[in-house]
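Structure first, commentary second.
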Amino acid sequence: MPELPEVETIRRGLAPALEGQSIAKVTLNRPDLRFPLPKAMKKRLEGAMIGALGRRAKYLLMPLDRAETLIIHLGMSGRMLIEAEETDQPGAFHHDITRLKQHDHVILTLKSGARLIYNDPRRFGFMLLEKTDSLDEHPAFAGLGPEPLGNHCHAQGLHDALLLKKTPLKSALLDQRVIAGLGNIYVCEALNRAFLSPFRIANTLALHEVEALLAAIRAVLEAAIIAGGSTLRDYRREDGALGYFQHDFRVYDREGHACRNLDCKGVISRAVQAGRSSFFCATCQR
DNA sequence: GCTGTAACCTGTCGGC
DNA sequence: TGCCGACAGGTTACAG
């Protein structure tokens with residue numbers, strides 16, 4: 001799925017087309033997403049005006065003028081796409097010729113005529129409509145760790161959180177309660193840049209190692225946002241275009257290739273941790 | 001209470 | 001060429 005950089009890229013791309021626009025029509029083609037969409041959602045959305053788009057971790061937030069916020073999670077394969085005007089012509093959707101319309105589960109038609117399409121083949125994603133003033137208490141957000149790119153994320157705080165974890169570092173960083181927004185790709189990349197093994201037990205890291213780790217996490221995420229995210233299979237930007245950060249991967253999906261860290265002659269290995277692939281260099285990551 | 005695993009669903013890719 | 005199994009960016013329920 002879209003991890004933090006992909007969701008942020010989508011947010012920035014959608015904002016000019018959505019903010020200040022009213023929703024004229026809601027089409028629920030397939031309400032049985034990960035969590036079933038309530039039938040009342042259609043009525044609650046139609047006629048509402050969209051405010052400034054936000055993001056928390058991997059969640060896209062669409063506030064409405066009715067004191068409610070549409071919470072969108074893209075799961076593993078979800079896409080949010082803007083289509084300029086309604087058309088059934090094949091291939092008319094910008095560059096995104098890979099999208100199958102059978103997976104267009106939710107369509108918001110704006111008064112401007114543009115359509116916001118939620119497409120998700122694997123249906124691991126979901127949408128929730130919640131009261132805006134109680135979002136922080138919502139179960140989706142209440143336990144989330146700090147935003148790695150935010151002002152409230154500090155090495156000391158991350159160090160304290162990791163001290164409580166007896167799991168391998170890789171698993172600890174995937175835990176959204178420790179730090180929010182990281183997924184498999186960017187954890188692998190950040191650990192390589194910080195020269196830390198994914199197998200290190202989280203509570204054995206010294207503060208100076210956590211400082212290096214946090215700096216690496218931030219560098220990776222910022223570079224990925226500039227590149228428009230990473231496209232492996234499903235991810236597309238809001239206009240159907242690809243992300244390009246996958247060309248800058250140092251370890252992810254590079255098993256058997258040379259490590260790209262300076263002066264390291266190691267080779268990238270792959271191992272399975274908690275059912276997920278970890279890519280790392282055993283020579284320079286300790 | 002914490003941790004690891006399996007399951008959710010569908011598409012893609014590689015091997016046979 | 002076609003079939004089948006493995007695997008995939010996330011999250012969560014459940015067993016140990």
Side-chain angles (χ1 to χ4, degrees), chain A residues 1-10 29-36 55-60 71-80 96-105 118-128 138-145 161-191 198-203 217 220-221 224-225 227-237 242-249 251-256 270-279:
Chain A
M1 163 224 186
E3 301 181 30
L4 187 156
E6 288 74 31
V7 177
E8 179 61 22
T9 298
I10 290 170
N29 290 329
R30 182 144 190 182
D32 58 332
L33 302 179
R34 183 177 186 88
F35 304 122
R55 179 191 58 74
R56 178 75 173 96
K58 303 171 190 174
Y59 294 89
L60 186 64
I71 303 167
I72 302 163
H73 195 293
L74 300 176
M76 293 273 267
S77 58
R79 305 178 191 180
M80 295 295 289
D96 187 13
I97 59 174
T98 65
R99 161 176 153 256
L100 293 177
K101 290 193 174 184
Q102 69 190 73
H103 301 305
D104 288 353
H105 304 313
Y118 175 72
N119 179 285
D120 185 3
R122 292 172 72 180
R123 285 190 287 125
F124 283 2
F126 56 87
M127 289 185 179
L128 304 169
H138 191 275
F141 303 115
L144 280 180
L162 291 175
L163 281 177
L164 300 174
K165 305 291 284 185
K166 298 170 185 172
T167 56
L169 192 48
K170 168 75 182 304
S171 300
L173 294 175
L174 286 175
D175 187 339
Q176 302 298 299
R177 296 169 297 183
V178 172
I179 188 167
L182 296 182
N184 204 33
I185 291 178
Y186 296 110
V187 167
C188 290
E189 292 297 318
L191 287 174
F199 301 102
R200 274 281 294 277
I201 300 302
N203 66 6
I217 289 170
V220 168
L221 294 178
I225 289 171
S230 306
T231 296
L232 299 182
R233 294 172 184 81
D234 299 317
Y235 168 68
R236 292 290 187 282
R237 293 163 63 168
L242 307 177
Y244 290 99
F245 190 67
Q246 67 276 11
H247 301 302
D248 292 325
F249 286 170
V251 290
Y252 189 82
D253 205 21
R254 295 191 64 247
E255 182 182 15
R270 173 183 174 273
V272 176
Q273 288 180 285
R276 315 289 298 278
S277 287
S278 291
F279 296 90

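Quick note on labels: first sequence line is chain A, next is B, and so on, each numbered from 1.
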Residues A:R270 and A:S277: side-chain donor-acceptor under 3.5 angstrom: yes
Starting at atom CG of A:L33, determine the distance to atom P of C:dT11, rounded to an integer number of angstrom. 16 Å
A:R177 has an atom CZ; how far is it from atom C1' of B:dC2, in whole Å? 9 Å
Which value, in whole Å, describes the distance between the P atoms of nucleotides C:dG9 and B:dG14? 16 Å
Measuring from the side chain of A:A274 (C-beta onward, heavy atoms only), which nucleotide among C:dT11, B:dT10, B:dT5 has the closest atom? B:dT5
For A:R236 and B:dG11, give me the distance from atom CZ to atom P, rounded to whole Å. 15 Å
A:S230 side, atom OG; A:Y235 side, atom OH - distance, nearest 0.5 Å: 8.5 Å
Please report, rounded to the nearest Å, how far the C1' atom of C:dT11 is from the CG atom of A:L128. 13 Å
Just by modelled atom types, is the A:S278 backbone N or O under 3.5 Å from a matching donor or acceptor in the A:Q273 side chain? no
To the nearest Å, give me how far apart CZ (A:R79) and C1' (B:dT10) are. 12 Å
Between B:dT12 atom C1' and A:D234 atom CG, what is the distance in whole Å? 9 Å
Please identify each residue that fulfils salt bridge (Lys or Arg N to Asp or Glu O under 4.0 Å) with A:D104, with sequence neighbours left out. A:R99
Verify stack between A:F124 ring and B:dC8 base, 5.5 Å, 30 degrees: yes
Extract from the structure each pairing of a protein N or O with an N or O of nucleotides 4-8 of chain C at less than 3.5 Å, listing the distance.
residue	atom	partner	partner atom	Å
C:dA8	OP1	A:S277	OG	2.5
C:dA8	N3	A:R122	NH1	3.2

Indicate whether the side chain of A:E6 and that of A:Y186 have a donor and an acceptor atom separated by less than 3.5 Å. yes
Could you work out the separation of B:dG1 and C:dT11 based on their P atoms and round it to a whole Å? 23 Å
If I take atom CD1 in residue A:I201 and atom P in nucleotide B:dT3, what distance separates them, rounded to the nearest angstrom? 10 Å
Residues in side chain to side chain contact (heavy atoms under 4.5 Å, CB included) with A:A274, at least two apart? A:S171
Using the side chain to side chain donor-acceptor pair (under 3.5 Å) criterion, which residues pair with A:Y252? Sequence neighbours excluded. none
Polar side-chain atom of A:S77 near backbone of A:R122 as donor-acceptor pair, under 3.5 Å: yes
Taking only side-chain N and O atoms of A:H103, does any of them lie within less than 4.0 angstrom of OP1 or OP2 on B:dG11? yes
Does OP1 or OP2 of B:dC8 have a side-chain N or O of A:R123 closer than 4.0 Å? no
Applying salt bridge (Lys or Arg N to Asp or Glu O under 4.0 Å), name anything that partners A:R123, two or more places apart in sequence or on another chain. A:D32
Test item: A:E3 side-chain N/O and A:G181 main-chain N/O as donor-acceptor pair under 3.5 Å: no
Side chain to side chain donor-acceptor pair (under 3.5 Å) partners of A:N184, counting only residues at least two apart: A:K170
Only counting residues at least two apart or in another chain, list the ones meeting ring pair (Phe, Tyr, Trp, His ring centres under 6.0 Å) with A:Y244. none
By salt bridge (Lys or Arg N to Asp or Glu O under 4.0 Å), which residues pair with A:R34, not counting sequence neighbours? none
Nucleotide pairing, DNA chain C (Watson-Crick or G-U, distances under 3.5 Å), in dot-bracket with [ ] and |: .|||||||.|||||||
d(CG, A:N203; P, B:dG1) in whole Å: 19 Å
Please tell me if A:Q102 has a side-chain N or O lying less than 4.0 Å from either OP1 or OP2 of B:dG11. yes
Between N or O atoms, less than 3.5 Å apart, protein on one side and nucleotides 12-16 of chain C on the other: list the pairs.
residue	atom	partner	partner atom	Å
C:dT12	O4'	A:R34	NH2	3.4

Neighbours of DNA chain B within residues 163-176 of chain A, by heavy-atom distance under 4.0 Å: A:K165, A:K166, A:T167, A:P168
Taking the side chain from A:Q246 and the backbone from A:T231, do they hold a donor-acceptor pair closer than 3.5 Å? yes
With sequence neighbours left out, what residues match A:R55 under salt bridge (Lys or Arg N to Asp or Glu O under 4.0 Å)? A:E8, A:E147
